[in-house]
Number of protein chains: 2
Amino acid sequence: MYKIGELAKACDINNDTLRFYEKNALLCPSTRSESGYRLYTEKDKETLQFILRAKGVGFTLAEIRELLSIEVNKADSACADVKTLVDSKLNDVETKLAELIRFQTSLKRLSNACCGGAESAEHCTILEALESDTNDVRHEHKLNDKES
Amino acid sequence: MYKIGELAKACDINNDTLRFYEKNALLCPSTRSESGYRLYTEKDKETLQFILRAKGVGFTLAEIRELLSIEVNKADSACADVKTLVDSKLNDVETKLAELIRFQTSLKRLSNACCGGAESAEHCTILEALESDTNDVRHEHKLNDKES
DNA sequence: CTTGACCTGTGACTTAGGTCGAAGGTTTAT
DNA sequence: ATAAACCTTCGACCTAAGTCACAGGTCAAG
């Protein structure tokens, strides 16, 4: 049995995070001591590690709650249910990825176009790009310029 | 001169967003009418468009505030200052990108390993991967498995 | 002269995932 | 027996970028 601080230290998280997970129905300690201290079992620790691993692949706590409800009750769920969660998450991730790649492309273009010198910024190509709506900074669509 | 609703509509944002930008020192209307209405000039509109374009390439409002302070005072800033902001943002973006790619890789691996069938999830490879700490789900380091 | 569309300011609420402080109870070691 | 190190609950605070509600003032049309 772990007290809160012991489990937290063992898993390298904050005590408050554990309380937060409890409040949000992710991980409730199996028992309490006479005096009300949370007592976590080895099984609780495994659940916590499940949570941390799921966080590690990008799941939100709400999604992890879903995964856990399948996990505690495996026999009544299908593989397909689990895979759906993973694929839907993968979709989210790829959407965000696409946005970040647009950012990256635009920023690289801005950076490459700028001399970066100590001269006054009066003719800075970056500022000019942000000022002008012709020659949209955000998308390359028909710009047919090459990344240098 | 635009009233708040006119400028908001012209730029397809919310009136409250404009008030929010004002409160956060991003865009103050040049004047007010007798009765206190905000009045935005054409120049204000251009500044707003600058802000929206900068948002479009991924800058936060705090960063845009920095860009604007250079923009209003170009002569006293160097190109290098601007480029530094862009490069530092690019760095942020690439850090986030790296994390999302890790998520993507892990999720793809989980998804590919799962049959996704209607069978009970009792032996679901996804759940097993999240349960076990051997065979870490998050990183490929020495797994030398191939993406199918 | 009233109705409706607009504007004002203030302050609260949202999401996500915690983190912190205060006031007090418990355990353990000395 | 008392101090240090733990634990409890509760509630407030944090970031980011808004969004919404409320109570009231203004403006143009009919």
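Keep in mind it's a predicted model, so treat the numbers as computed, not measured.
- When DNA chain D is scanned 5' to 3' for any atom under 4.0 Å from a heavy atom of chain A, the first and last hits are D:dC6 to D:dT9.
- Only B:Asn15, B:Arg19, listed by number, bring a heavy atom of residues 8-31 of chain B to less than 4.0 angstrom from any atom of DNA chain C.
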Could you write out each protein N or O paired with an N or O of nucleotides 22-24 of chain C at a distance under 3.5 Å?
none

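- Hydrophobic clustering, defined by side-chain heavy atoms of Ile, Leu, Val, Met, Phe, Trp and Tyr closer than 4.5 Å, groups B:Met1 together with B:Leu39.
- In this structure, the OH atom of B:Tyr2 is 18 Å from the C1' atom of C:dC6, given to the nearest Å.
- A sub-4.0 Å separation between OP1 or OP2 of C:dT26 and a side-chain N or O of A:Arg32 is absent.
- To the nearest 0.5 Å, atom CG of residue B:Leu68 and atom CG of residue B:Leu27 are 8.5 Å apart.
- End-to-end axis angle of the helix from C:dC1-D:dG30 to C:dT30-D:dA1, using five pairs per end and rounding to 10°, comes to 30°.
- Of the candidates C:dT27, C:dG18, C:dC7, the closest approach to any side-chain atom of A:Ser35 belongs to C:dT27.
- Counting only residues at least two apart or on different chains, the salt bridge (charged side-chain N to carboxylate O under 4.0 Å, His left out) pairs with a member in residues 3-18 of chain A are A:Asp16-A:Arg19.
- Between the CG atom of B:Leu7 and the P atom of C:dC6 there is a distance of 15 Å, rounded to whole Å.
- Looking at residues two or more places apart in sequence or on another chain, you find a side-chain contact (heavy atoms from CB on, under 4.5 Å) between A:Lys74 and A:Glu71, B:Glu122, B:Leu127, B:Glu131.
- Nucleic acid contact for A:Ser33: none, since no nucleic acid atom lies under 4.0 Å from a heavy atom of the residue.
- Note: CD (A:Glu6) to P (C:dT28) measures 10 Å, nearest angstrom.
- Evaluation of the salt bridge (charged side-chain N to carboxylate O under 4.0 Å, His left out) test over residues 25-36 of chain A, restricted to residues two or more places apart or in two chains, returns A:Glu22-A:Arg32.
- Counting only residues at least two apart or in different chains, salt bridge (charged side-chain N to carboxylate O under 4.0 Å, His left out) contacts with residues 57-69 of chain A comprise A:Glu63-A:Lys89.
- Residues that satisfy the side-chain contact (heavy atoms from CB on, under 4.5 Å) test with A:Ser30, not counting sequence neighbours, are A:Thr41, A:Asp44.
- A side-chain donor-acceptor contact under 3.5 Å links A:Thr125 to the backbone of A:Ala113.
- Closest-nucleotide positions on DNA chain D for B:Phe59 and B:Lys3 were compared, and the one nearer the 5' end corresponds to B:Phe59.
- Spacing between atom CG of A:Leu39 and atom C1' of C:dT26 amounts to 13 Å, rounded to whole angstrom units.
- In this structure, the side chain of B:Asp81 engages the main chain of B:Ala78 through a donor-acceptor pair within 3.5 Å.
- Here the straight-line distance linking atom CG of A:Leu7 with atom OG1 of A:Thr17 works out to 11.0 Å at 0.5 Å rounding.
- With A:Ser111 contributing its side chain and A:Leu107 its backbone, the two residues share no donor-acceptor pair below 3.5 Å.
- Taking the side-chain contact (heavy atoms from CB on, under 4.5 Å) definition, one finds that B:Ser88 meets it with nothing, sequence neighbours left out.
- Listed by chain and number, the residues in a side-chain contact (heavy atoms from CB on, under 4.5 Å) with B:Asp76 are B:Asn73 (sequence neighbours excluded).
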